[in-house]
Protein chains: 2
Amino acid sequence: MCKDYPPSQEEKECSCHSHVSKLPFIQPCLLLLLYEKPSHGYELMEKLLEFDLSLDAATVYRNLRKLEEEGLVSSQWYTQETGPARRLYKLTMDGEDMLHSWVHTIRRRKAVLEKFLKRYSNNFPNRSS
Amino acid sequence: MCKDYPPSQEEKECSCHSHVSKLPFIQPCLLLLLYEKPSHGYELMEKLLEFDLSLDAATVYRNLRKLEEEGLVSSQWYTQETGPARRLYKLTMDGEDMLHSWVHTIRRRKAVLEKFLKRYSNNFPNRSS
DNA sequence: CTCCCTATATGCATAATGCACATATTTACT
DNA sequence: AGTAAATATGTGCATTATGCATATAGGGAG
């Protein structure tokens, strides 16, 4: 892994791009969902299904707390409605910058997957669906 | 994570697909490279750069040993040429089946990334490069 | 009164990785 | 000859991330 991961706000990307291969996809998904609408963990857990992400509650809550530690989201308790208290998260400015940064990584990652699939097709032309 | 990961040889895919998000990309890359040509760890380490994968030697060697435990590759010491002995790996029949199985996962993973990027573009139309 | 859904959180075992380090062979340079 | 560097594989250790189980608590349905 390179030294400057996660990418700084100045560079918007790290220099070696090695994290393309270990993309912790839940993080950019949370940032995008929170850009669209402030939300809480339990709701986000369900929305993550749209990105084929597993719905383990512990993982979602811990990732949200981690994003908050990094200053990418902020939270406050919300008890207006019925039911248990919710921790309502919203995206910060740094979080929005990080979202844009992630997009570069994800585009590159997509290109790598395409490269793999093309190379596979070259070896197995009959299986290229 | 679902119970039937990795996918069995019968099903070719697991049922919940949650591993799409945690794709250990080094494994399918090793299988594809070994389909193209039997090789050893040090050489594979360099070829993995083509797929943007970090070149930590320990990770490569340990993944190869793991693939061998699972019966997807086989190895034998090779001392014909000059230099230190090499452990020469080649793909097994099960390994080739697993490679085909991985392709389904990677295609789905690619579709998820495209879904993310499209959703991002909807939110930031000016940034859609 | 109990069960289930909503909502958040912690503890523990497991798995995977990065880095440092160890070892051995051969080549290249001084 | 001596020493550094490239080739080649491997282990040990600390860190990190995850899944699963569990705990807690509010509120609605039967």
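In what follows, chains carry the letters A, B, and so on, assigned in the order in which the sequence lines appear, proteins first and then strands, with residues in each chain numbered from 1.
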Study note, to complete from the structure: Reading nucleotides 5-10 of chain C from 5' to 3' and marking B where a protein heavy atom lies under 4.0 Å of the base, S where only the sugar-phosphate is that close, and - otherwise, the string is -BBBSB

Point to revise | Short side-chain N/O contact to dT16(D) OP1/OP2 from Lys66(A), under 4.0 Å | key: no

Practice item. Give the C-alpha distance, both sets of side-chain angles, the deciding distance and a yes or no for salt bridge (charged side-chain N to carboxylate O under 4.0 Å, His left out) between Glu50(A) and Lys115(B). Key: CA-CA 9 Å; Glu50(A) 301 171 43; Lys115(B) 186 171 181 177; 5.3 Å; no

Check your understanding: Centre of Phe25(A)'s six-membered ring, under 6.0 Å away, within 45 degrees of the axis: is that where NZ or CZ of Arg109(B) sits?
Key -> yes

**Study point:** d(OH, Tyr78(B); C1', dT25(C)) in whole Å
**Key:** 16 Å

Revision key, fill the gap. To the nearest angstrom, the CG-P distance between Asn63(B) and dA15(C) comes to 14 Å

Check your understanding: With distance as the sole test, does Thr79(B) use its side chain to make a donor-acceptor pair with the main-chain N or O of Ala85(B) at under 3.5 Å?
Key -> no

Exercise for review: Provide, to the nearest angstrom, the distance between the CG atom belonging to Asp56(A) and the C1' atom belonging to dT18(D).
Suggested key: 7 Å

Revision key, fill the gap. The complete set of salt bridge (Lys or Arg N to Asp or Glu O under 4.0 Å) pairs with one or both residues in residues 25-36 of chain B, sequence neighbours excluded, reads Arg119(A)-Glu36(B)

Exercise for review: Check whether any side-chain heavy atom of Trp102(A) lies under 4.5 Å from a side-chain heavy atom of Gln27(A), and answer yes or no.
Suggested key: yes

Point to revise | Atom pair distance, as rounded to whole Å: CG in Leu64(B) and P in dT11(D) | key: 13 Å

Exercise for review: List in chain and number order the residues that pass side chain to side chain contact (heavy atoms under 4.5 Å, CB included) with Leu88(B), two or more places apart in sequence or in another chain; answer none if no residue qualifies.
Suggested key: Tyr78(B)

Practice item. Using a cut-off of strictly less than 4.0 Å, decide whether Thr59(B) has a side-chain nitrogen or oxygen near OP1 or OP2 of dG18(C). Key: yes

